[in-house]
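Below: one structure, written as structure tokens.
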Amino acid sequence: MKGKYVVSALLAAVVSLAAFAEVTSLRGAQEIGDTNAVAPIKPVPKMQDKLALEFVHQPPLIPHSTEMVQINPSNNGCLQCHDVDKYRRTGAPRVSPTHYMDSNNKILSDVAPRRYFCLQCHVSQSDAAPLVENTFKPAGKFGQ
């Protein structure tokens with residue numbers, strides 16, 4: 001009986017090692033312990049036209065740099081231009097009404113806490129090559 005457990009444990013170890021050996025990294029053939037050069041941050045245009053959406057319910061893309069925008073629990077720099085009482089003055093798109101609803105669809109006077117950290121969903125664009133092959137095609141009329 002003890003022999004079965006030993007054989008099972010050895011077999012599991014061999015299978016685990018074989019599976020681990022096939023794992024590849026975006027870093028290429030570089031060993032995990034090796035130090036690699038940090039890739040330069042791709043430049044983000046200071047301002048560009050609104051970008052087309054690629055699929056239904058896609059969060060709008062940010063057509064400008066967010067490098068100096070501060071977002072933390074006490075300050076959301078995005079709302080300085082995009083909040084409902086400021087967007088007309090700044091010419092920025094208004095925050096969606098859905099961002100003022102809590103998880104029970106109750107309307108709030110401020111942006112809902114679950115929608116407060118804008119950069120979780122909205123991203124700035126840069127002209128960067130994809131890290132992995134991508135065959136995604138926009139759905140229907142999207143991407144035009």
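Pairing each heavy atom of Leu53 with each of Pro59, the nearest pair is CD2-O, 4.1 Å.
Residues in residues 68-84 take part in these side chain to side chain donor-acceptor pair (under 3.5 Å) pairs, two or more places apart or across chains: Gln70-Asn75, Asn72-Ser74, Asp83-Tyr100. Sorted by first and then second residue, the pairs that involve residues 106-122 and meet side chain to side chain donor-acceptor pair (under 3.5 Å), not counting sequence neighbours, are His99-Arg115.
Taken to the nearest 0.5 Å, the CZ atom of Arg94 stands 15.0 Å off from the NZ atom of Lys86.
A distance-only check finds a donor-acceptor pair linking the side chain of Arg89 to the backbone of Asp85 [under 3.5 Å].
Through direct or indirect side-chain contacts shorter than 4.5 Å among Ile, Leu, Val, Met, Phe, Trp and Tyr, Met68 is connected to no other residue. Residue Met101 is found in a hydrophobic cluster whose other members, listed by chain and number, are Ile107; membership requires side-chain heavy atoms under 4.5 Å apart, directly or through intermediates.
Taking Thr66 as the reference, Ile62, His64, Val69, Leu119, Ser124 meet the side-chain contact (heavy atoms from CB on, under 4.5 Å) condition, with sequence neighbours excluded. Looking at residues two or more places apart in sequence or on another chain, you find a side-chain contact (heavy atoms from CB on, under 4.5 Å) between Leu61 and Leu51, Gln58, Val123, Gln125. With sequence neighbours excluded, the residues forming a side chain to side chain donor-acceptor pair (under 3.5 Å) with Ser96 are Thr98, listed by chain and number.
Leu79 and Val84 fall within a single hydrophobic cluster, where Ile, Leu, Val, Met, Phe, Trp and Tyr are joined by side-chain heavy atoms under 4.5 Å apart, directly or via other members.
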